[in-house]
2 protein chains.
Amino acid sequence: MTAPATLYELAGADPDLRFSPHCWKARMALAHKGVAVAGVPWRFTEKEAIAFSGQGLVPVLVADGETVSDSFRIAEYLETRYPDRPSLFGGETGRAIARFVNSWADTALVPAVAKLVVLDIYERLDPKDRDYFRATREKRFGMPLEQVVGDPAVRLSELRQALTPLRHMLQHQPFICGAAPAYADYCVFGMLMWARCVSPVETLAADDPVHGWRERLLDAYDGLARGARHCAPCGN
Amino acid sequence: MTAPATLYELAGADPDLRFSPHCWKARMALAHKGVAVAGVPWRFTEKEAIAFSGQGLVPVLVADGETVSDSFRIAEYLETRYPDRPSLFGGETGRAIARFVNSWADTALVPAVAKLVVLDIYERLDPKDRDYFRATREKRFGMPLEQVVGDPAVRLSELRQALTPLRHMLQHQPFICGAAPAYADYCVFGMLMWARCVSPVETLAADDPVHGWRERLLDAYDGLARGARHCAPCGN
């Protein structure tokens with residue numbers, strides 16, 4: 001008998017606020033494969049709680065006696081472990097190109113979302129995480145968090161601009177992976193869930209095709225993502 | 001008996017200078033499938049020469065009595081026509097994600113390359129194309145071509161910055177499509193061939209992983225792309 005799968009997920013002061021973009025990628029990949037999982041809230045400073053994974057970041061998946069960290073590796077693990085369930089990659093070429101989409105999300109979207117919501121994150125963190133977060137992020141950006149955000153209207157416009165390639169693609173097909181979503185979609189969707197979870201700002205205009213795409217993913221798997229604790233306005 | 005395939009390609013005053021990024025995507029896709037093709041030089045203002053295709057842009061492929069325009073559709077046509085030859089997409093999901101990569105190239109790289117090389121293009125065009133090119137591009141950019149380029153060092157830096165997602169991905173694998181190149185690679189490579197063909201500027205630093213990736217694609221198919229007429233410095 002195997003214990004149910006466990007996913008260590010970044011949480012705020014509210015343990016039900018699970019806002020990490022990379023943890024959302026893992027959550028969606030698990031749902032895609034139909035793998036039931038128990039989420040464990042984890043805070044930035046609880047390094048010892050995941051020391052068994054040999055590194056210090058979440059998501060960490062523990063399943064079938066195996067420990068897997070890094071969201072992309074978790075997706076690869078699930079694809080190998082459950083080859084007969086709906087594919088996350090659609091084959092080797094699809095897996096490789098999904099890696100490009102993941103790199104695009106990490107390099108073009110992570111900074112754009114971070115600059116918009118970094119203060120929202122700070123305010124929602126468990127008090128014990130706040131000094132760590134401020135120190136590491138101010139070092140990364142080279143300025144105080146308040147200065148990173150600056151004019152939120154400008155940051156919002158930059159984020160919408162950064163989504164141009166996705167908007168352009170949506171003229172042709174409903175998901176990055178075609179007729180139905182798969183891992184490359186989750187790589188991007190995780191970024192918008194991050195914003196939705198921590199910030200009251202509506203990141204997308206209602207008539208933006210990216211908004212429609214996000215709606216479809218919020219509805220996926222019985223509304224898994226829509227039902228999650230968040231700060232975005234109702235109806236979004 | 002079928003006539004050999006024909007590809008209408010944008011050319012400069014020098015009919016052997018074939019510089020269109022989208023035509024390069026088609027060229028590489030044809031080589032990938034091992035389809036021999038005769039290139040026909042075409043200029044922007046020769047709309048009547050490709051009127052049979054029902055539209056006014058190249059590439060236009062004529063093969064097996066069929067006419068196919070639009071580089072992505074040409075790749076889809078080749079994939080369907082030659083299912084037993086090396087795949088351009090690696091399946092339906094790969095095809096869909098390649099569409100995203102193509103959208104990224106069209107929206108993030110086309111403007112970045114265009115701003116750097118638009119005057120180089122103008123100078124290499126057939127004289128009969130020059131007024132058309134200047135008028136349409138100045139309307140598109142909303143300023144004189146000379147102003148679009150502005151400081152070439154800044155444009156070069158912006159292009160290198162725009163390639164960040166590819167650079168990040170190359171930490172994990174040698175090509176966008178994995179161990180070997182396929183259509184998603186050609187979507188991006190076409191953009192760098194465009195610059196190489198028309199401009200003496202070296203777009204990539206020698207120690208940039210993107211440079212190594214471009215080298216591998218220049219060498220592909222017996223150096224098809226490396227042997228093409230170009231303006232970039234020798235050894236690149």
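Naming convention: chains lettered A, B, ... in sequence-line order (proteins, then strands); numbering from 1 in each chain.
Within residues 66-85 of chain B, no residue approaches chain A closer than 4.5 Å by heavy atoms. Of residues 102-115 of chain A, those residues lying under 4.5 Å from chain B by any heavy-atom pair are A:Ser103, A:Trp104, A:Asp106, A:Thr107. The interface of residues 172-183 of chain A with chain B, defined by heavy-atom distances below 4.5 Å, comprises A:His172, A:Gln173, A:Ile176, A:Cys177, A:Gly178.
Highest contact tally toward chain A, considering only B:Arg167, B:Gln171, B:Met169, B:Arg99, is held by B:Arg99 [criterion: heavy-atom pairs under 4.5 Å].
Residues satisfying the salt bridge (charged side-chain N to carboxylate O under 4.0 Å, His left out) test with B:Arg27, not counting sequence neighbours, are B:Glu9.
You'll find the side chain of A:Phe89 stays beyond 4.5 Å of the side chain of B:Thr93, heavy atoms only.
Of all the heavy atoms in B:Ile97 and A:Ala184, the pair that sits closest is CD1-CB, 4.0 Å.
In this structure, A:Asp151 places its CG atom where more than 12 heavy-atom neighbours from other residues, nucleotides or ligands lie under 6.0 Å away.
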